[in-house]
Amino acid sequence: MVSIEDYGAYETAWCPGCGNFSLLEGVKRALVMAGLEPRNVLFVSGIGQAAKAPHYLNANVFNGLHGRSFPVATGAKLANPGLAVIVESGDGCMYGEGGNHFLAAIRRNVDVTAIVHDNQIYGLTKGQASPTSEEGMKTKTQPGGVILERFDPVAVAVAMRAGFVARSFTGAVEHLAETIRLAVAHRGFALVDVLQPCVSFNRVNNFAWYKKRCRELPSGYDPSDWTLAMKTAAEWGDTIPIGVIYRNDRPPFESHVPALAKGPLVGREVDRSALAAEMNRIGGAHGSD
Amino acid sequence: MVSIEDYGAYETAWCPGCGNFSLLEGVKRALVMAGLEPRNVLFVSGIGQAAKAPHYLNANVFNGLHGRSFPVATGAKLANPGLAVIVESGDGCMYGEGGNHFLAAIRRNVDVTAIVHDNQIYGLTKGQASPTSEEGMKTKTQPGGVILERFDPVAVAVAMRAGFVARSFTGAVEHLAETIRLAVAHRGFALVDVLQPCVSFNRVNNFAWYKKRCRELPSGYDPSDWTLAMKTAAEWGDTIPIGVIYRNDRPPFESHVPALAKGPLVGREVDRSALAAEMNRIGGAHGSD
Amino acid sequence: MHSTNILIGGEAGQGLATVGELLSRALVRGGYFVVVTQSYESRIRGGHNTFAVRVGAEAIDAPAEEIDVVVALNDETVLLHLPELSSSGLVIADASFCDADERCVRVPFKDLAPKQYVNTAALGVVCAVLGVDRGIVSGVLEEAFGRKHPETMEENRRALESAFAWCAGRPESSRPLPPAASPSGTSRLMMNGNEAIALGAVSAGLRFAAFYPMTPSTTIPLALVGMAGRMGLVVEQAEDEIAAINMAIGASYAGAPSLVATSGGGFALMVEGVSLAAMTETPLVIVVAQRPAPATGLPTRTEQADLEFVLHAGHGEFPRAVFAPGGVEECFHIARKAFFLAERHQSPVFILTDQFLADSYRAVAPFDVASLEWVRPGADPAAVSAPYLRHALTESGVSPRLLPGASDHLVVTDSDEHTEDGHLTEDLGVRKVMVEKRLRKLAGIRAETIPPEYEGSDRPELLLVTWGSTRGAAREAAAALRGKGLDTASLHFSQIWPLAPEQFLGRLKNAGLVAAVEGNATGQLARLIRRETGFEISERVARYDGLPITPQYILRELSVEGA
Amino acid sequence: MHSTNILIGGEAGQGLATVGELLSRALVRGGYFVVVTQSYESRIRGGHNTFAVRVGAEAIDAPAEEIDVVVALNDETVLLHLPELSSSGLVIADASFCDADERCVRVPFKDLAPKQYVNTAALGVVCAVLGVDRGIVSGVLEEAFGRKHPETMEENRRALESAFAWCAGRPESSRPLPPAASPSGTSRLMMNGNEAIALGAVSAGLRFAAFYPMTPSTTIPLALVGMAGRMGLVVEQAEDEIAAINMAIGASYAGAPSLVATSGGGFALMVEGVSLAAMTETPLVIVVAQRPAPATGLPTRTEQADLEFVLHAGHGEFPRAVFAPGGVEECFHIARKAFFLAERHQSPVFILTDQFLADSYRAVAPFDVASLEWVRPGADPAAVSAPYLRHALTESGVSPRLLPGASDHLVVTDSDEHTEDGHLTEDLGVRKVMVEKRLRKLAGIRAETIPPEYEGSDRPELLLVTWGSTRGAAREAAAALRGKGLDTASLHFSQIWPLAPEQFLGRLKNAGLVAAVEGNATGQLARLIRRETGFEISERVARYDGLPITPQYILRELSVEGA
Ligand SMILES: Cc1ncc(C[n+]2csc(CCOP(=O)(O)OP(=O)(O)O)c2C)c(N)n1
Ligand SMILES: Cc1ncc(C[n+]2csc(CCOP(=O)(O)OP(=O)(O)O)c2C)c(N)n1
Ligand code: SF4
Ligand code: SF4
Ligand SMILES: [Mg+2]
Ligand SMILES: [Mg+2]
């Protein structure tokens with residue numbers, strides 16, 4: 001039986017009071033609830049304050065480039081579907097630099113879970129607007145206020161009929177842990193956008209701001225109803241719904257790939273006689289084809 | 001008065017029977033209807049069969065890299081808002097390689113018109129799946145059929161509340177020309193996704209396939225109703241709605257930029273005394289700041 | 001070197017590549033050697049394309065310029081290529097295309113076959129003219145269409161027959177090839193450079209490839225896709241090149257030997273990923289199929305102008321290997337070597353090819369796949385003590401690489417500078433030793449450098465230096481010059497980096513005159529050699545018009561008497 | 001060279017950079033010269049950061065290692081930096097941090113000021129210790145906080161005063177600076193390298209900049225954003241670096257002089273765009289602020305390891321210029337030159353800086369902005385005949401560039417190979433002349449190459465070769481060696497490409513021993529010089545631990561007797 005201690009406890013490079021601490025806690029609890037052992041978990045992250053998170057627990061870790069965690073996770077999962085692959089990074093990383101991969105990850109539907117530390121700001125680079133920053137928010141680099149419309153990852157993911165779309169909040173650790181657990185259990189792409197106060201740079205969307213607005217979905221909410229989900233996703237104002245907003249049971253990418261029917265790619269032998277046949281086919285040897 | 005002859009007539013490198021020819025015709029007609037002279041029009045394109053289109057009419061042309069036409073257009077428009085800037089490229093270019101810029105263009109809402117030749121295939125590179133290819137479509141590189149879910153540019157654009165979102169079809173040149181005219185007239189980002197049969201590589205979505213499905217929006221359709229638009233955008237099956245599916249009147253990016261209040265950036269003088277003040281402010285000279 | 005050069009010309013969409021491939025296949029099956037040069041435009045229909053097959057009874061290794069037989073699928077082909085026709089050459093064309101020249105074989109195609117079988121008839125005519133065995137041609141045709149389009153096979157057969165019959169009555173238009181040195185029925189295969197790379201990669205254990213389509217690289221993933229199911233590969237079309245390289249890195253990290261293939265502009269987008277592979281010490285094979293640039297350039301033509309770019313691609317300093325196979329067989333062997341090297345030194349390894357070689361079919365002896373070994377990624381977890389340090393400092397710079405999930409050892413790596421255990425660090429002392437650790441790996445890579453291939457006397461008057469696909473042209477030009485009495489040697493680099501000057505510097509110094517023969521405008525290998533050895537190569541043969549370097553081009557550019 | 005080195009240390013978030021900046025500003029206003037070295041971690045709070053101010057009464061140009069005054073905002077600072085303290089040095093710290101060493105000035109901060117004004121008190125103490133005029137310090141403080149936070153000004157003032165008062169009673173802890181050579185009230189400005197680049201760019205006519213945040217480049221767009229409204233600039237944060245460079249190319253094409261600034265990994269993503277700028281012949285200035293790599297590396301530290309990368313970035317062959325300013329004033333002038341060069345030769349121009357220089361405040365004489373010219377993009381449409389050919393073949397390779405919309409002439413350009421009118425072509429003859437046209441521009445660029453700066457005797461025993469930000473350290477090391485009787489000279493490259501060997505080869509040959517001093521592990525400039533001249537630089541001083549090269553580091557690495 002795996003326990004929360006198996007996931008360790010480490011010093012972090014985060015600011016005191018940051019929402020990242022609860023997020024880390026929520027992730028660990030979810031993994032324990034899921035009964036996953038560290039050796040079978042792979043965290044893939046990008047660059048940013050959020051992206052440091054996997055360094056603060058015990059697991060396999062590939063901490064790659066800013067914005068590029070989805071493709072790395074995709075490659076790793078396809079090579080070894082036995083790993084539980086979790087992508088964890090910030091809003092800038094996943095929706096800004098990595099925007100195109102976000103779209104592709106939804107469409108490709110590989111069985112990875114994306115946990116986004118959404119603090120609506122670029123933390124590590126000291127407070128520029130991120131894609132999820134509110135219109136009008138003032139920063140050093142946007143002194144006149146953000147002009148671009150806020151990117152709503154939940155709305156876009158629902159519009160694209162992603163397999164699993166959820167929102168949570170670091171101020172609700174139980175909810176967060178449970179949501180992540182569900183996301184990890186989901187077979188296919190799963191998004192958990194986590195509202196996470198940044199005490200150093202985001203003075204607008206602070207803990208109180210989120211706390212006041214976040215409202216769990218009513219019991220009986222049917223996440224399989226796309227129209228309802230789209231309407232729910234559009235709510236972002238005095239109330240912000242948290243929970244599993246949309247889900248469907250599209251089979252994951254892996255289930256369509258013939259080569260994966262026989263198990264992971266890792267550790268396979270080369271079938272030399274099959275290879276000889278391929279060589280002859282390509283080379284047009286008599287009678288083959 | 002500008003006439004269609006002003007836009008010239010050129011030999012193309014397209015396949016006989018391709019939908020691109022009607023699309024070119026529709027574009028020219030729209031420009032004439034809009035009363036735009038070639039010298040004031042800038043086409044920005046990427047790479048692909050579609051992206052060659054601007055070479056086949058008279059206008060200013062920046063034919064850039066595969067996938068990168070939005071940022072080039074953004075820069076050019078901000079430098080000289082006096083130009084009517086039209087982005088014209090293929091589905092692979094705009095939604096595949098250029099996916100992240102597509103998201104940003106919607107959010108940034110610079111006054112550019114995007115005309116996408118959506119043939120649901122990569123034409124120039126000989127028939128690989130594009131983001132808009134139908135699930136299950138077989139190609140040389142997807143011999144088992146496309147696994148990824150079809151990217152729906154219209155649905156995503158509506159979900160993101162883009163300023164102007166339309167769909168048209170090369171088999172309806174009048175409709176196409178009028179739709180493009182409206183898009184060009186719209187102040188802010190405007191998308192016209194044009195269904196365009198590729199006779200060489202897309203055997204599924206051919207002229208007849210589109211012809212049978214494309215249905216103009218009913219008169220009285222209210223494109224300012226987001227919920228309705230979202231529902232309409234979701235229709236893709238036995239009928240495919242064409243027309244202006246969604247629009248709003250968010251002011252364009254340019255209207256928020258102080259430097260553009262005084263006109264185009266092009267041709268401005270350097271204000272040397274203002275510069276001296278900035279130097280002293282940065283350098284901390286006595287009494288400035 | 002006796003050879004016959006056949007050029008098939010027409011518009012894109014007319015099926016000339018199919019005619020060319022079938023002709024080549026028939027020739028290879030007949031025991032001949034071929035060198036195919038494909039020249040096409042960046043469009044799907046129209047324009048002017050050619051498919052040239054140079055045929056030799058003995059081994060040949062370069063394209064030729066003079067044409068012996070033109071097969072013209074349209075009138076433009078006649079117009080464009082008559083000037084290149086040898087005096088005893090022939091043009092095979094529809095009667096309506098060609099009348100001005102007595103070298104025309106005016107074929108009444110509409111009498112020989114219905115419109116959609118004219119290409120088959122043309123194939124028949126050219127085979128008959130060359131004296132290719134009819135049985136071989138129809139066998140090849142059968143294999144190509146018999147199974148896929150049985151309904152048309154009868155018509156195809158008939159078209160072929162009427163072509164042979166028509167030719168039988170025109171002995172004056174016969175240009176029989178000399179008998180093949182190897183008998184008909186030989187087991188030689190026909191393959192182009194990209195197919196050979198794909199096969200070599202799979203034989204070396206490739207399990208994962210990601211790509212975004214880009215000419216002239218796309219036929220590598222295409223070949224892989226073609227065998228993915230049967231060989232157990234995952235070959236994924238990515239949303240862009242950045243995704244492609246990052247996917248491959250992820251797959252390799254997890255234990256699947258991985259490859260990406262692209263061309264210049266696509267590779268430009270992968271550059272950050274190259275640096276990531278180096279920092280995380282993830283094995284990765286990157287194929288860059290060169291085409292003329294800058295930017296989109298000439299998408300379907302050939303060039304060798306990305307050597308310096310690939311050699312320095314990526315921010316920061318790290319070891320890499322760069323190969324440039326000189327022919328199709330070498331594509332296979334170098335692809336294999338690339339995978340082993342990448343795994344052994346946990347570094348990015350590059351294969352530089354180009355459109356000419358990528359598309360150039362050749363006759364190759366079958367590879368001995370029955371005895372070839374493959375890469376087995378990762379170390380034995382049992383042999384590793386706890387705590388496991390993914391980036392442990394070692395003398396060679398190479399640390400034991402475990403695979404995630406394979407044991408209780410956790411595999412941690414980071415694109416930030418990291419401690420031995422893979423976690424990010426701000427310790428500047430660690431930084432220093434980690435830089436040194438990574439760079440130490442270069443010595444190991446250098447110890448395996450393929451020596452450049454030298455051919456010629458010990459103190460030649462002229463030495464031609466080449467890399468990559470120009471190997472054959474330079475060797476043939478050197479032989480031609482020797483034939484004319486100029487003592488000429490050739491030095492070919494199949495590996496560009498790391499260079500091992502002790503392998504070749506003496507050769508450079510011993511030559512009277514050294515000329516670098518490169519498919520670029522600035523002499524990139526020559527510059528590199530000077531940087532590494534101080535030796536300045538004074539003469540250059542440069543080509544950058546999108547066409548491959550031929551022996552004749554070299555002779556012309558050197559302006560050697562009577563060439 | 002007499003100087004005093006003050007190091008302020010503490011955690012991120014403690015405000016040490018503010019203390020450092022105010023101290024530096026006060027010193028500059030007092031007529032002193034400063035060289036600031038900032039060292040920080042890639043985090044927002046915690047860790048260990050330092051801000052070192054080296055002060056001289058005469059011009060100084062390099063960081064120093066030995067510390068004369070430590071200002072410790074936490075106890076870790078005392079621990080870490082005591083070993084670097086000179087024997088007559090001082091540690092200014094809270095009484096609770098420091099007791100073991102008699103060099104400690106144990107300040108009872110809690111008696112001097114409330115907690116949130118302790119930094120101001122520390123500023124007061126260090127200024128008092130150094131003998132900085134109290135009026136100047138309080139003026140600087142007033143300017144910094146007076147307008148923005150008037151409510152706290154009184155407390156700030158009081159903290160400063162009690163600090164001065166407390167020090168007045170402790171003459172033994174006084175380390176007065178020698179009088180400044182230039183009188184107080186001098187008009188010298190304080191500025192770092194990135195600010196100087198931003199100002200230089202705007203003075204040269206910059207109208208558009210696009211960026212994606214990346215340390216240590218971000219302060220360039222930040223400086224531009226700060227003046228955008230008043231100077232009429234558009235400065236846009238892009239969705240990624242690919243967008244940034246393509247936006248800048250679009251803006252430049254349309255007529256706005258444009259810049260992008262980034263660091264290694266971000267630049268890696270721009271590489272395809274570089275090639276596009278070259279192919280479309282669009283002027284573009286690209287600033288690459290170097291930091292340790294590969295991959296994410298050490299995001300906030302310094303290095304000079306992207307020279308070869310930047311020099312060869314982009315597929316295909318095309319001309320470019322690469323600059324590497326040696327100091328803050330040069331950042332301004334080189335930024336200006338970059339814009340003029342980019343416009344004149346319609347090519348990408350690079351400025352290579354690094355974290356050290358980017359963040360290094362210096363005292364600089366105000367630039368003569370009242371008389372400086374700026375770039376006026378585009379040719380006169382009236383002087384161009386129809387049909388307008390954007391890429392007309394010319395002897396210099398430069399074609400008249402018109403701006404779209406400025407006249408009836410249509411401006412057409414293409415990332416594909418194109419004809420003179422800018423439309424895409426498959427004509428291989430055109431290809432050839434277009435390659436040559438573009439490459440011809442290099443001669444024009446080379447004619448403007450900044451000669452390397454030489455200092456020393458004609459036949460020195462030792463010659464130190466540097467580029468970029470290491471200029472000052474090498475010059476100071478050379479002077480020190482001369483002081484010790486070793487005839488040492490220095491040769492500094494502010495332009496890396498194109499090199500003009502006639503400007504410097506003689507210097508290299510005339511020196512007894514040549515050492516390349518570079519902030520990288522492989523000696524990139526040395527390799528380039530060998531490639532271009534054949535001259536092999538045999539000695540190397542390399543640094544790659546994330547810290548800037550200091551004069552002391554050079555002396556140590558050269559292991560020169562008694563250094
Ligand atoms: C290619 C590239 N561009 C830019 C950066 C600089 N960078 C590092 S983190 C970051 C933003 C981080 O924001 P986010 O992802 O929201 O994470 P947070 O710090 O807010 O948790 C940026 C721009 C980089 N490392 N690589
Ligand atoms: C960076 C880069 N990657 C790949 C390519 C190759 N490429 C050229 S066009 C194209 C696809 C074109 O598809 P689409 O945009 O749908 O245009 P179509 O040809 O279908 O009109 C690709 C992949 C390229 N030119 N540049
Ligand atoms: S900068 Fe913001 S997000 Fe990052 S650790 Fe600090 S508070 Fe958290
Ligand atoms: S390939 Fe398809 S899209 Fe391109 S020109 Fe031909 S038919 Fe049209
Ligand atoms: Mg963030
Ligand atoms: Mg398409």
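Every chain is numbered from 1, with letters handed out A, B, ... down the list of sequences.
- Contacts of D/F267 classified as ring-ring contact (aromatic ring centres under 6.0 Å, His included), with partners at least two apart in sequence or in another chain: D/F309, D/F350.
- Within the 4.5 angstrom heavy-atom criterion, only side-chain atoms of A/I47, from C-beta onward, approach chain D.
- At a 4.5 Å heavy-atom cutoff, the contact between A/T12 and chain D is made by backbone atoms alone.
- Atom CD of A/E11 has 12 or fewer heavy atoms from other residues, nucleotides or ligands within 6.0 Å.
- Residues of residues 230-240 of chain D placed with any heavy atom under 4.5 Å of a heavy atom in chain A are listed by number as D/E236, D/Q237, D/E239, D/D240.
- Residues A/P143 and D/V225 meet the side-chain proximity criterion, which asks for heavy atoms closer than 4.5 Å.
- Looking at A/F201, only its side chain comes within 4.5 Å of chain D, counting heavy atoms on both sides.
- Shortest non-hydrogen contact noted between D/T296 and A/G64 is OG1-O, 4.2 Å.
- With a 4.5 Å cut-off on non-hydrogen atoms, A/L148 touches chain D through its side chain but not through its backbone.
- Using a 4.5 Å cut-off between heavy atoms, A/Q49 touches chain D through its side chain atoms alone.
- Counting only residues at least two apart or in different chains, ring-ring contact (aromatic ring centres under 6.0 Å, His included) contacts with residues 211-241 of chain D comprise A/H66-D/Y212, A/Y122-D/Y212.
- Listed by sequence position, D/S42, D/R43, D/I44, D/R45 are the residues of residues 41-51 of chain D in contact with chain A, using a 4.5 angstrom heavy-atom cutoff.
- Using a 4.5 Å cut-off on side-chain heavy atoms (C-beta onward), A/Q128 and D/T218 make contact.
- Looking at A/S200, the atoms closer than 4.5 Å to chain D (heavy atoms on both sides) all sit in the side chain, from C-beta outward.
- Ranking D/I242, D/T300, D/L224, D/L269 against chain A, the residue ahead of the rest is D/L269, based on heavy-atom pairs under 4.5 Å.
- Side chains of A/K126 and D/T215 form no contact here, defined as non-hydrogen atoms less than 4.5 Å apart.
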